[in-house]
S.K.: 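After the structure tokens below, expect a handful of questions from me.
Heavy-atom basis, side chains included; hydrogens, waters and symmetry copies ignored. In what follows, every chain begins at residue 1, and chains take the letters A, B, ... in the order their sequences are listed.
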Number of protein chains: 2
Amino acid sequence: MSIISLYQAHPCNCCNMLAVCAKDRQFSKSGLTDRSHRVFQRKHALIDSGDHFAGIYVLHSGSAKAFVTAQDGTEQITAFYFPGDIIGLDGFDNQRHVQSVRFLETSSVCFFSAKEIKSLMQNSEGALSGLLKAMSHALTEDNAMLLALSNSDSEQRVAKFLLDLSKRYKARGCSDKEFILSMTRTDIANYLGMAIETVSRIFTKLQKNGIISVAHRRLQILDPIWLKACLQTSLTERLTGTTSS
Amino acid sequence: MSIISLYQAHPCNCCNMLAVCAKDRQFSKSGLTDRSHRVFQRKHALIDSGDHFAGIYVLHSGSAKAFVTAQDGTEQITAFYFPGDIIGLDGFDNQRHVQSVRFLETSSVCFFSAKEIKSLMQNSEGALSGLLKAMSHALTEDNAMLLALSNSDSEQRVAKFLLDLSKRYKARGCSDKEFILSMTRTDIANYLGMAIETVSRIFTKLQKNGIISVAHRRLQILDPIWLKACLQTSLTERLTGTTSS
DNA sequence: CGACTACTTGAGCTTTTTCAATAGCTGTGG
DNA sequence: CCACAGCTATTGAAAAAGCTCAAGTAGTCG
């Protein structure tokens, strides 16, 4: 029940999260009071591909990325996580993790062991349907991403990416107009399936047209309407020759 | 338990499937004996996007495709299903389906209502972990697809697609060297995120190089080794100028 | 302060798409 | 049994989108 209500609310404020984790500690009074919360630094690994599946994590603060690795070593980022997101759902299959997870900044997570999950699921109908929902939701996200990747050009992908971030920040009570990109351009490019130079160029283009303002990691969405319009048509199509200096 | 063992085994033969569905009928002797199996014709819909989530289906025979639809009406195929595959897992989130599902040929499915699933999950630990596995597996598949879409060129994608099909047919006891493509070129192109002409050109190219033989819907993999090699390097790179007539 | 990493920008090149034309297959009806 | 319509697939040529390479700038960390 705890894991799930948390997932649905996408809470950012620590109070919610702590309440949840506190509830969890009450639930299984065994010995994981100290293990249930862990803090990690930027670039550190939460999960490595191939790791044994011990349980799932709820991101408490900070942010993280998940990626899969091909035989030739190339990596593909499959998700970015923000507070309240559940990490490690890919481990139920085969009891091993397929994805690796690294933090993008100093972050903390709350751990739920497989045993805890199992008993939660069997004792609480809400928890069960909640977990199924969470996984189902992750599937939907992936599908949306697949759709975006194969049916959109670079500009549309970047626009979609920014709007997604905006939505997620808003859901967490943060500003949806101005936020810090916790991932590098390289991460963004990888996630969106394009070259880093292309990301850079599109940022520049959007900025020149007054749709966003981007300086280093700080991003502002100046014109959400136009940004949303980018999802449909390409900028150059809509502006019939603008490119003002 | 029944749904799951079936998923893991990926059985193609009807006996296995029927046994499973029979087991299921025993389990809930209510009134769904007649509703549990349904037959559909080619192009008919099993699920439309937005449909209320009633339960999940196990494909019994035939094949199907799932796709999501963007605001502008463009569709993106997200999965192909073969006997034994579970359909409809995206519905747990929001109690509505995001994906639509259409059959590629005359097919039959076995239905498990949400109620049945719930009681199965709470009474059988195996069933629970099995369902979680199935969903987790679907996530992994999606991630693999994401990886392929953004890190491979067209040739590698087509090669991967054919090898995947081959593997899935083999798992179902069918030949992994020769099979019928139940989907159109358009479907393949859509799934792989490329133009239909590109699919056609790559098929031609692979055939000219003696790697596959393709006539209409019948496909033969003549040289699996080379096809696998296509996943790594492009054909033209490996053949240092061949293009024999 | 220097090395390093992250980011931006330009130019040529490659891949893939788009457009257009053609051919083949399927099913229907005369 | 053939002809026709409609869908499916192949092929070529031109155009576009995005990638790679290369160089340079700007923050960041020790």
Side-chain angles (χ1 to χ4, degrees), chain A residues 41-44 65 74 76-77 102 104-106 148-159 161 180-208 212-219 230 233-237 241 243 245, chain B residues 41-43 65 74 76-77 102 104-106 148-159 161 180-208 212-219 230 233-237 243 245:
Chain A
Q41 297 302 311
R42 191 170 107 89
K43 290 191 179 179
H44 283 209
K65 64 176 174 180
T74 57
Q76 172 60 41
I77 297 175
R102 299 257 181 295
L104 300 174
E105 57 191 306
T106 304
L149 271 182
S150 46
N151 290 321
S152 316
D153 61 22
S154 303
E155 193 178 298
Q156 294 172 315
R157 292 185 210 173
V158 171
F161 175 72
I180 302 292
L181 297 168
S182 55
M183 65 292 290
T184 65
R185 300 282 192 277
T186 307
D187 283 340
I188 297 173
N190 180 298
Y191 180 64
L192 297 177
M194 53 209 231
I196 177 177
E197 294 93 332
T198 309
V199 175
S200 191
R201 277 185 249 270
I202 290 171
F203 274 2
T204 305
K205 188 174 167 189
L206 291 175
Q207 185 159 32
K208 274 187 183 162
I212 66 170
S213 160
V214 57
H216 319 305
R217 296 291 183 83
R218 164 161 274 108
L219 189 123
C230 289
T233 339
S234 105
L235 242 187
T236 29
E237 278 180 53
T243 333
S245 67
Chain B
Q41 297 303 311
R42 190 169 108 90
K43 292 192 178 177
K65 63 175 174 181
T74 56
Q76 172 60 43
I77 296 175
R102 298 257 182 296
L104 300 173
E105 58 193 305
T106 303
L149 271 183
S150 47
N151 291 320
S152 316
D153 62 21
S154 303
E155 193 177 298
Q156 293 172 314
R157 292 185 209 173
V158 171
F161 174 72
I180 302 293
L181 298 168
S182 55
M183 65 291 290
T184 65
R185 300 282 193 279
T186 306
D187 283 340
I188 298 173
N190 181 297
Y191 180 64
L192 298 177
M194 52 208 232
I196 177 175
E197 294 94 330
T198 309
V199 175
S200 192
R201 278 184 248 271
I202 290 171
F203 273 2
T204 305
K205 187 173 166 190
L206 291 175
Q207 184 160 32
K208 274 187 183 160
I212 65 170
S213 161
V214 58
H216 319 302
R217 297 291 182 84
R218 163 160 276 111
L219 189 124
C230 288
T233 340
S234 105
L235 241 186
T236 28
E237 278 179 52
T243 333
S245 66

S.K.: Could you state the atom-to-atom distance from NZ of B:K43 to P of C:dG27 in whole Å?
M.R.: 10 Å

S.K.: Measure CZ/A:R42 against P/C:dT5 and give the value in whole Å, please.
M.R.: 12 Å

S.K.: Could you state the atom-to-atom distance from NZ of B:K205 to P of C:dT15 in whole Å?
M.R.: 9 Å

S.K.: Rounded to whole Å, please give me the gap between CD1 in A:I188 and P in C:dT8.
M.R.: 9 Å

S.K.: Looking only at the side chain of B:T204 (C-beta and beyond, no hydrogens), which of the listed nucleotides D:dT11, C:dC7, C:dT17 gets closest?
M.R.: D:dT11

S.K.: Is there a donor-acceptor pair under 3.5 Å between the side chain of B:R157 and the backbone N or O of B:G193?
M.R.: yes

S.K.: In whole angstrom, give the distance that lies between atom CD of A:E105 and atom P of D:dC29.
M.R.: 14 Å

S.K.: Which nucleotide wins on minimum distance to the side chain of B:H216, given the candidates D:dC19, C:dC25, D:dT8?
M.R.: C:dC25

S.K.: Closest approach to the side chain of A:R217, judged atom by atom: which nucleotide of C:dA6, D:dG18, D:dT10 is it?
M.R.: C:dA6

S.K.: Among the nucleotides C:dT15, D:dA9, C:dC7, which one has an atom lying closest to any side-chain atom of B:D153?
M.R.: C:dT15

S.K.: Calculate the interatomic distance between B:M194 atom CE and C:dT15 atom P; express it in whole Å.
M.R.: 14 Å

S.K.: What is the separation between atom CZ on A:R201 and atom C1' on D:dA17, rounded to the nearest whole Å?
M.R.: 11 Å

S.K.: Do A:I188 and A:F203 have side chains that get closer than 4.5 Å, going by heavy atoms?
M.R.: yes

S.K.: Whole angstroms only, please: what is the CD-P distance between A:Q207 and C:dT9?
M.R.: 9 Å

S.K.: Quick check: are there more than 12 heavy atoms from other residues, nucleotides or ligands sitting under 6.0 Å from CZ of A:R218?
M.R.: no

S.K.: Counting side-chain heavy atoms from C-beta on, which of D:dA9, D:dC19, C:dC7 comes nearest to A:A195?
M.R.: D:dC19

S.K.: Start at the 5' end of DNA chain D and walk down; is the nucleotide closest to A:E197 or to A:S154 reached first?
M.R.: A:S154

S.K.: Quick one: which of C:dA6, C:dT8, D:dA9 gets closest to the side chain of B:S200?
M.R.: D:dA9

S.K.: In chain order, what residues pass the side-chain hydrogen bond (donor to acceptor under 3.5 Å, both in side chains) check against B:S213, with sequence neighbours excluded?
M.R.: none

S.K.: Considering residues at least two apart in sequence or located in another chain, which fulfil the side-chain hydrogen bond (donor to acceptor under 3.5 Å, both in side chains) criterion with B:E105?
M.R.: B:S63

S.K.: Taking only N and O in the side chain of B:T198, is any of them less than 4.0 Å away from OP1 or OP2 of C:dT15?
M.R.: no

